[in-house]
Amino acid sequence: VLSGEPDSEPPGWEGTWPPPGAVPVPVDYDRLADTGFTYGPAFRGLRAAWRRGEEIFAEVRLPEERHGDDFDLHPALLDAALHAGLLEGADRVRLPFSWAGVTLHATGATALRVRLTPTGPDTMSLALADETGAPVATVASLTLRPVTPQQLLAQRRDTPLHHVEWLPFPGGAAGPAPSSTPPRADGVALLGPEGMGTSLPLVPGLSAFGSPAPAIVIAPFLSPSAGESPAEAARAATGEALRLVQEWFGDERFASSRLVLLTRGAVADLPESEVTDLARAPLWGLVRSAQSENPGRLVLADIDDDRASFAALLAALPSGEPQIVVRSGLARVPRLARTERAAGDRPPAFGGEGTVLITGGTGTLGGLVARHLAEAHGVRRLLLISRQGPDAAGVAELRADLAALGAEATVTACDAADREALATALAGVQLTGVVHTAGVLDDGVIASLTQERIDTVLRPKVDAAWNLHELTRGADLSAFVLFSSAAGLLGNAGQGSYAAANAFLDALAHHRRAAGLSGSSLAWGLWARASGMTSHLGEEEVRRLGRTGLLPLETDQGLALFDAAVADGRAALVPALLDTAGSRMRGEVPFLLRGLVRAPARRQADGETAGALQRRLEALSGTQRDRAFLDFVRGHVATVLGHATAASVDPERGFLDLGLDSLTALELRNRLNAATGCRLSPTLIFDHPTPAAVARHLQAELFPVPPQEDSADTSEAEFRRALASIPLARYREAGLVGTLLRLAESGAAATVPDETAAVDALDTMDVASLVRVALGDH
């Protein structure tokens, strides 16, 4: 309410300045910026500050370049008058909320003397005067509200918080793109007994297929899952999917086909959607990793009961999308989107009189969260459980830190995956919040995984989460936060088990929300601070994750994201720092990131199309082409190993000696596949164990040498080398073993040996003898 009637002007300020007894307070805008109060040059007007009891005095000055602005009282000057209240105890700061009794006595001031006087727990009066002491403005009552630095950091617009949106196919159509056509019936087959209401051929298993195999094989995972609980059923279903995928990759008949793993209700396509098949949710994480390791070979699909949905799926498969959800006949695909925060978001839901439980509470992330809850959210009672409990490293320091923050911490040795042990640990505890950070890693490419390795990773994530869900269902929880991982969404290569475990957590959060319970799954990116699960990562592993678009999060940024994500209210969010400029990414941008990452207009030289590469190499002479192939392979090897230049890669040194492992070997194979258009074997580096050998193999694939007539010019040495390079199995297949041995006999009248006996004899020879026989030197 504005009034034109002026109040009586208060008396001017007399006496010395600053007032007697006032103690100087350091002014440091850089320190304020570190705690979340970031001001630009026009607002850095605080020049000096003093404190006398509860009163605060300050001098503020408007930058000279702003003196021409047309304001009766410049807003930057008024704002700077309040900065003195931030200088001490920024963790307890209160920011302006409402004003009352504001009077302007003079206009045009460019410098002010300020007096802030508390009038209540959350109110103060404000007096402003010019440099002569003449009144400029007074505020009878300014009401303040408490804000933590973490909440300020969480409000930044550049906070890297994301979520998955399921969108219609690119172009905005309700169904597949116009160019997409349903696959021919003879190009699709179904595994198992369920016909899905179609006339598609049913095949009992992969071994029953002939050659050539159909272009698309659909494997339904729709029947009720076995197991006493969703956690047990999840382990069984994930193992079943693993065995199927391993068999698919191991059979060359399917090298040019795609396997579609089909579920029903295993993923949520809308924020309010329920996940009805929790047991099959981990399958999505596992297969996402398998897709990263073997691009173009697998598709994930989820349908509902609508009769039109399966037909819509068949129509969508030619799009090339690796993940498809169909609801009521409408096909959608996932894209990661930036999460915009509304201005009126509620603060994070922690605090109160109860206890907050943290699993993995003695680990690196668990300890960070515990300290953060005590410091930023006022949590006063914490129950920290872990396998080692009080015997874990750093527990005494953690307890001391929490006590200094005013929080009481109970540390208990408990395996949260053991339902009885967890129930005992929770007996008599009034819980108001749960944070599940526990987890283990056992990384390995899909081909190396086993049911036992899957169980090892799923147990502390999946079993523990389900136990927490069931045992706290009757508690009045304000927050139930699951620490998931972006690996479950991005499908990090070599992390199939871990991706599966985290996909279950994402689904469980949706499941709880649909039941009216609190639930948030945070699919974290990479934390810069090493934890028990990331301390093994070396520089190359971090660079490799960077090539997928993930960059490390600093601790303060991660904790701010924690606050922002829990306050947001969605069931599943992705707090991850992504290289959305694409500067670190090579080759094709993953489908999931195509809403954020724009492919560069000009591709890198190592990213040229397969056709352009072949045309470039075709124009070269024999020696030049040899060198170009070798440089091409060395360049890709240097990239996956993190070398600065291709020149550092010894072309004759074995890949294992160069530092490639099973994961980087797959990455190299995938890069070469994409660059050349070939479909190279996953065992490429074992079949051709040096960069020079791979270069020769690629040259033979792209520029095969046509058969030539025998030439009298062929030297005996060349002939012997060619003969020695042919595996014995090839001679057997061609029926030439007997002929070879006959030709190797001395004397024109030699008899032809019995081929069966010759094969048996060959089987008993050592390598040196076989070489001598092949070369006729026996």
Open item on the list: Using the rule given for side chain to side chain contact (heavy atoms under 4.5 Å, CB included), can you reason through Val25 versus Trp50, listing the C-alpha separation, both sets of side-chain angles and the distance that settles it, and then say yes or no?
Closed with: CA-CA 5 Å; Val25 178; Trp50 301 266; 5.7 Å; no
Open item on the list: Between Arg512 (side chain only) and Ser518 (backbone N and O only), is there a donor and an acceptor less than 3.5 Å apart?
Closed with: yes
Task: Ala416 backbone acceptor or donor facing Asn467 side chain under 3.5 Å - done: yes
TODO: Would you list the pairs meeting ring-ring contact (aromatic ring centres under 6.0 Å, His included) in which at least one residue belongs to residues 502-524, sequence neighbours left out?
DONE: His469-His511, Phe483-Trp524, Trp524-Trp527
TODO: State whether Phe57 and Arg52 meet the cation-pi test: NZ (Lys) or CZ (Arg) under 6.0 Å from the six-membered ring centroid, and within 45° of the perpendicular axis.
DONE: no
TODO: Identify the two heavy atoms, one from Ala281 and one from Ala503, that lie closest to each other, and give their separation to 0.1 Å.
DONE: O-CB, 3.5 Å
Task: Heavy-atom check, side chain of Phe350 versus side chain of Val566, under 4.5 Å - done: yes
Task: Distance in Å, His67 NE2 paired with Arg61 CZ, rounded so as to fall on 0.5 Å steps - done: 7.5 Å
Open item on the list: With heavy-atom distances below 4.5 Å as the criterion, would you say the side chains of Leu144 and Thr123 are in contact?
Closed with: no
TODO: Taking all heavy atoms of Pro135 and all of His105, pick out the closest pair and write down the distance.
DONE: O-CB, 3.7 Å
Open item on the list: Can you give me the closest heavy-atom contact between Ala84 and Ala58, atom names plus distance?
Closed with: CB-CB, 3.9 Å
- [ ] For the residue pair Leu384 and Val395, establish whether any side-chain heavy-atom pair is separated by less than 4.5 Å.
- [x] no
Open item on the list: With rounding to the nearest 0.5 angstrom, report the NE2 to CD distance, His163 to Glu340.
Closed with: 9.0 Å
Open item on the list: So which atom in Val60 and which in Ala80 form the shortest heavy-atom distance, rounded to 0.1 Å?
Closed with: CG1-O, 3.4 Å
Task: Over-ring placement of Arg44 relative to Tyr39, 6.0 Å and 45° cut-offs - done: no
TODO: Check whether any side-chain heavy atom of Phe562 lies under 4.5 Å from a side-chain heavy atom of Leu373, and answer yes or no.
DONE: yes
Open item on the list: Side chains of His377 and Asp563: any donor to acceptor distance under 3.5 Å?
Closed with: yes
Open item on the list: Does Glu65, at its CD atom, have more than 12 non-hydrogen atoms belonging to other residues, nucleotides or ligands within less than 6.0 Å?
Closed with: yes
Task: side chain to side chain contact (heavy atoms under 4.5 Å, CB included) evaluation trace for Leu477 with Thr432 - done: CA-CA 4 Å; Leu477 298 182; Thr432 56; 5.5 Å; no
Task: Single hit among Leu559, Leu405, Asp401 for side-chain contact (heavy atoms from CB on, under 4.5 Å) with Glu375 - done: Leu405
Task: Nearest atoms (heavy-atom pairs only) where Ala129 meets Val136 - done: C-CG2, 3.8 Å
Open item on the list: Testing the basics here: between Leu73 and Leu104, what is the closest heavy-atom pair and its distance to 0.1 Å?
Closed with: CB-CD1, 4.1 Å
Just distance, no hydrogens or angles: give the donor-acceptor pairs under 3.5 Å from side chains in residues 267-275, sequence neighbours left out.
{"from": "Asp269", "atom 1": "OD1", "to": "Ser273", "atom 2": "OG", "distance (Å)": "3.1"}
{"from": "Ser273", "atom 1": "OG", "to": "Leu270", "atom 2": "N", "distance (Å)": "3.2"}
{"from": "Ser273", "atom 1": "OG", "to": "Leu270", "atom 2": "O", "distance (Å)": "3.4"}

Open item on the list: Could you check whether Thr359 and His436, counting side-chain N and O atoms only, form a donor-acceptor pair closer than 3.5 Å?
Closed with: yes
Open item on the list: I'd like to know whether Val574 forms a side chain to side chain contact (heavy atoms under 4.5 Å, CB included) with Thr339, so could you lay out the CA-CA distance, the side-chain angles of the two residues, the decisive distance to 0.1 Å, and finally the verdict.
Closed with: CA-CA 9 Å; Val574 186; Thr339 303; over 6 Å; no
Open item on the list: Nearest 0.5 angstrom please: Ser521 OG to Leu505 CG, how far?
Closed with: 5.5 Å
Task: Residue pair Arg113 / Leu128, side-chain heavy-atom distance below 4.5 Å - done: no
Task: Non-hydrogen side-chain atoms of Ile385 and Ile358 separated by less than 4.5 Å - done: no
- [ ] Could you name each residue pair satisfying side-chain hydrogen bond (donor to acceptor under 3.5 Å, both in side chains) that touches residues 74-84, not counting sequence neighbours?
- [x] Tyr29-His83, Asp69-His74, Asp79-His83
Task: side-chain contact (heavy atoms from CB on, under 4.5 Å) partner of Leu383, chosen from Val411, Thr412, Val356 - done: Thr412
Task: Interatomic spacing from CG in Leu142 to OG in Ser125 - rounded to 0.5 Å - done: 9.5 Å
Open item on the list: Within the 4.5 Å heavy-atom criterion, are Phe480 and Val435 side-chain neighbours or not?
Closed with: no
Open item on the list: Less than 6.0 angstrom from the centroid, inside 45 degrees of the normal: does Arg115 satisfy that with respect to the ring of Trp13?
Closed with: yes
Task: Straight-line distance of Leu489 CG to Asn502 CG, nearest 0.5 Å - done: 9.0 Å
TODO: Report the C-alpha distance between Glu131 and Trp17 in whole Å, list the side-chain angles of each, state the deciding distance to 0.1 Å, and finish with yes or no for side-chain hydrogen bond (donor to acceptor under 3.5 Å, both in side chains).
DONE: CA-CA 10 Å; Glu131 292 179 296; Trp17 178 262; over 6 Å; no
Task: Validation row: Leu553, Leu526 side chains within 4.5 angstrom (heavy atoms) - done: no
Open item on the list: Looking at Arg335 and Phe591, would you say the former's side chain and the latter's main chain have a donor-acceptor pair under 3.5 Å?
Closed with: yes
Open item on the list: Side chains of Asp122 and Thr143 only: does a donor on one sit below 3.5 Å from an acceptor on the other?
Closed with: no
Open item on the list: Tell me if a side-chain donor or acceptor on Thr16 pairs with a main-chain N or O of Pro19 at a distance below 3.5 Å.
Closed with: no
Task: Arg371 CZ to Leu382 CG distance, which is reported to the nearest 0.5 Å - done: 11.0 Å
Open item on the list: Would Ser520 and Arg570 count as a side chain to side chain contact (heavy atoms under 4.5 Å, CB included) here? Give the steps.
Closed with: CA-CA 7 Å; Ser520 301; Arg570 289 177 174 85; over 6 Å; no
Task: Donor-acceptor contact below 3.5 Å, side chain Arg473 vs main chain Leu517 - done: no
